[in-house]
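Read through the structure below, which is laid out as structure tokens, and then see the notes.
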Amino acid sequence: FIMKILHITPSLINGGAERFVIDLCNELNLKNHDITLISLENTKKNDLTEEVSCNVKLIRLNKKKGFDFKCFLRLNKIILNQKFDIIHTHTRALNYINPLYFLLLNSKFTHTVHNTAIKEEKYFLIRKFRKFLYRLKLVNPITISEDSDLSFDNYYNSRKKLIFNGTRKISKTKSFDLIKNEVDKLKLNSKTKVFVNIARVSKQKNQKSLINIFKKLD
């Protein structure tokens, strides 16, 4: 049967979790479900807004930096008024749900863990509250990889579901030729190999190991 599903993400920046959310929304829409996607933050330059299917209802709440109480009120007003069958949060978006709604609404709450358990939420008290939600089965947690699943077991020790991260069939974007030309400029000749590190520069992405490997190949 057709379900009314809400996905909530902090933003639509060009990142792995955001790509995951958009692909999931688009796929569910193809299966004829009624999909709403809420981005707490507004559109930013080079974000993934254009990747969202035109049939997915996209709402932006103009969240300010830090915890934005006005954004909190707007989001929960939408949740209360529209009566979704499933409310699916991603990363820190779970923090913006009115805690009373987990008890009072008939909606099923799901949260996808896109990172290791501790790195996903840095604040100890919020992690404790999430553990409470998971233990009482008020929120159904989903992990997306063996690493995130193991970290969830070690920290929360609660029931969860592992669904491996995936994506739609790979296809060329409108930027393909532009990026290809930029890569070609780096080549000394047609046989030159160019390695591209598609990730933000951070300790978690372990670029240091990549640099050390290239030093050994030099």
Side-chain angles (χ1 to χ4, degrees), residues 1-44 46-63 71-98 100-115 120 130 133-134 137-145 148-149 152 159-176:
F1 65 98
I2 296 176
M3 293 187 293
K4 189 172 183 179
I5 304 172
L6 171 64
H7 283 268
I8 310 171
T9 180
S11 72
L12 293 176
I13 60 172
N14 199 342
E18 291 74 21
R19 168 64 64 189
F20 174 96
V21 175
I22 290 174
D23 285 352
L24 182 56
C25 286
N26 291 345
E27 186 65 23
L28 288 169
N29 176 256
L30 288 175
K31 296 183 182 299
N32 296 320
H33 294 298
D34 183 353
I35 308 300
T36 299
L37 171 59
I38 291 182
S39 171
L40 301 183
E41 297 178 4
N42 274 9
T43 304
K44 293 184 178 180
N46 299 321
D47 71 5
L48 297 172
T49 298
E50 293 186 1
E51 301 291 326
V52 180
S53 168
C54 60
N55 294 318
V56 173
K57 303 181 189 71
L58 176 59
I59 301 173
R60 304 177 185 88
L61 297 184
N62 193 29
K63 188 183 91 66
C71 177
F72 172 85
L73 293 177
R74 290 183 63 195
L75 171 64
N76 287 283
K77 183 178 181 181
I78 293 171
I79 291 173
L80 186 63
N81 290 339
Q82 297 202 26
K83 297 179 174 59
F84 296 97
D85 298 305
I86 297 175
I87 297 174
H88 192 152
T89 57
H90 301 265
T91 66
R92 65 184 185 279
L94 181 58
N95 301 345
Y96 271 74
I97 303 293
N98 185 334
L100 293 176
Y101 287 181
F102 297 119
L103 295 169
L104 300 179
L105 297 185
N106 290 325
S107 304
K108 299 293 184 182
F109 289 90
T110 300
H111 178 71
T112 293
V113 180
H114 289 272
N115 208 326
E120 186 193 38
R130 290 190 178 189
L133 295 175
Y134 299 150
K137 300 181 181 181
L138 297 174
V139 174
N140 300 305
I142 297 174
T143 57
I144 62 172
S145 69
S148 70
D149 193 65
F152 190 94
R159 179 191 58 87
K160 85 294 184 199
K161 178 71 173 179
L162 169 60
I163 301 177
F164 283 103
N165 192 359
T167 184
R168 69 187 188 282
K169 184 178 179 181
I170 297 175
S171 60
K172 291 182 180 180
T173 69
K174 64 179 182 180
S175 302
F176 178 85

Gap between atom [atom2] of [Y] and atom [atom1] of [X] - 0.5 Å precision:
X	Y	atom1	atom2	result
Thr112	Phe20	OG1	CZ	4.5 Å
Asp85	Ile2	CG	CD1	10.5 Å
Ile87	Lys4	CD1	NZ	10.5 Å
Ile97	Leu75	CD1	CG	5.0 Å
Ile86	Thr110	CD1	OG1	6.0 Å
Arg130	Leu94	CZ	CG	4.5 Å

Please report the shortest heavy-atom distance between [X] and [Y], naming the atom on each side.
X	Y	value
Ile144	Leu162	C-CD1, 3.9 Å
Phe72	Tyr96	CD1-O, 3.3 Å
Pro141	Val139	CD-O, 3.2 Å
Cys71	Leu61	SG-CB, 3.8 Å
Ile13	Glu18	O-CB, 3.1 Å
Ile78	Phe84	O-CE1, 4.0 Å

Practice task
Verify the neighbour count for atom CG of Asn106: are there more than 12 heavy atoms of other residues, nucleotides or ligands below 6.0 Å?
Solution key: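 Check fails, neighbour count at 12 or below.
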Practice task
Kindly check if the number of other-residue, nucleotide or ligand heavy atoms within 6.0 Å of NZ (Lys108) is above 12?
Solution key: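 No, NZ of Lys108 has 12 or fewer neighbouring heavy atoms, counting only those of other groups under 6.0 Å.
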Handout entry: Under the ring-ring contact (aromatic ring centres under 6.0 Å, His included) test, residues paired with Phe152 that sit two or more places apart
Key =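 Counting only residues at least two positions away or on another chain, Phe152 forms a ring-ring contact (aromatic ring centres under 6.0 Å, His included) with Tyr134, Tyr156.
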Problem - Worked check of side chain to side chain donor-acceptor pair (under 3.5 Å) between Arg159 and Asn140 - result: CA-CA 8 Å; Arg159 179 191 58 87; Asn140 300 305; 3.1 Å; yes
Problem - Residues forming a side-chain hydrogen bond (donor to acceptor under 3.5 Å, both in side chains) with Thr89, sequence neighbours excluded - result: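 Per chain and number, Thr89 pairs via side-chain hydrogen bond (donor to acceptor under 3.5 Å, both in side chains) with His111.
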Exercise for the section: Can you sort out the partners of Ser53 under side-chain hydrogen bond (donor to acceptor under 3.5 Å, both in side chains), two or more places apart, ordered by chain and number? Expected result: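 Ser53 satisfies side-chain hydrogen bond (donor to acceptor under 3.5 Å, both in side chains) with no other residue.
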Handout entry: side-chain contact (heavy atoms from CB on, under 4.5 Å) involving Thr91 - partner list, sequence neighbours excluded
Key =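 Expected list: Pro10, Ala17, His114.
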Exercise for the section: With sequence neighbours excluded, tell me which residues meet side-chain contact (heavy atoms from CB on, under 4.5 Å) with Asn42. Expected result: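 Expected list: Arg60, Asn62.
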Practice task
Answer whether the closest heavy-atom distance between the side chains of Leu80 and Leu105 falls below 4.5 Å.
Solution key: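 They are in side-chain contact.
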Extract all donor-acceptor atom pairs below 3.5 Å that involve side chains of residues 31-39 and protein atoms in other chains or at least two apart in sequence.
unit_1, atom_1, unit_2, atom_2, d
His33, ND1, Met3, N, 3.0
Asp34, OD1, Lys57, NZ, 2.4
Ser39, OG, Glu41, O, 2.7

Exercise for the section: Say whether, by atom type as modelled, one donor and one acceptor occur between the side chain of Asn76 and the main chain of Asn98 under 3.5 angstrom. Expected result: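 The answer is yes, because a donor-acceptor pair under 3.5 Å joins these two groups.
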Exercise for the section: Pick out which of Asn14, Asp23, Thr9 makes a side chain to side chain contact (heavy atoms under 4.5 Å, CB included) with Leu48. Expected result: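 With Leu48 as partner, side chain to side chain contact (heavy atoms under 4.5 Å, CB included) holds for just one option, Asn14.
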Practice task
Given side-chain contact (heavy atoms from CB on, under 4.5 Å), test Leu24 with His7 step by step and report yes or no.
Solution key: CA-CA 9 Å; Leu24 182 56; His7 283 268; 3.4 Å; yes
